[in-house]
Amino acid sequence: MIGRLNHVAIVVPDLGAAVTRYRDVLGAAVSAPAALPEHGVTTVFVDLPNTRIELLHPLGSDSPVAKFLDRNPDGGMHHVCYEVQDILAARDRLRAAGARVLGDGTPKTGAHGKPVLFLHPKDFCGTLVELEQV
Ligand code: CO
């Protein structure tokens, strides 16, 4: 059911420092920051030949990644995003298999303007999983 790895997301305490690290030290192509108020994050995408890295920084007072930074002050890996062809069919299949879909199961619009859902880390080897319809 899942397809390509769309991105790996990393929460960073300092977005500017993270951009410098990826662009100037690692020599990667890095996007401009984009604010996603609906998700409580500012994102920067690092384009790699075979996938992307999503740098996440808290936006607003109740950002879901603020708690992550409290527990991991240096930042760290936050989620992996797999592509699916039909996100509602994927959601229904996962629920039928007993996996927990976060929120009310209604896809939100993700960083690329496409529908996304998140799956409970306890059901996927301790890793938060994002599904993005492509
Ligand atoms: Co993501």
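Quantities reported herein were computed from a predicted structural model and do not represent experimental measurements. Start at 1 with the first residue, then count along the sequence. Just follow the structure's listing: the first ligand is 1, and inside any ligand the first atom is 1.
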Check [X] against [Y] and note the closest heavy-atom contact, atom names and distance.
X: Leu55; Y: Val46; result: CD1-CG2, 4.0 Å
X: Arg95; Y: Asp104; result: NH2-O, 3.4 Å
X: His57; Y: Val12; result: ND1-O, 2.8 Å

- Message: Only N/O/S atoms count here: what is the atom of Glu54 closest to the Co ion (ligand 1) called?
- Response: OE1
- Task: Tell me which N, O or S atom of Glu130 sits nearest to the Co ion (ligand 1).
- Result: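 The Co ion (ligand 1) is closest to the Glu130 atom OE1, counting only N, O or S.
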Below 2.8 Å, can you find an N, O or S atom of [X] next to the Co ion (ligand 1)?
X: His79; result: yes
X: Cys81; result: no
X: Glu132; result: no

- Is a side-chain donor or acceptor of His120 paired with a backbone partner of Lys122 at a separation under 3.5 angstrom?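 Here the side-chain-to-backbone pair exists.
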- Do the rings of Phe118 and His79 sit parallel, tilted or perpendicular, given the 30° and 60° boundaries?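 The arrangement is perpendicular - the two ring planes meet at more than 60°.
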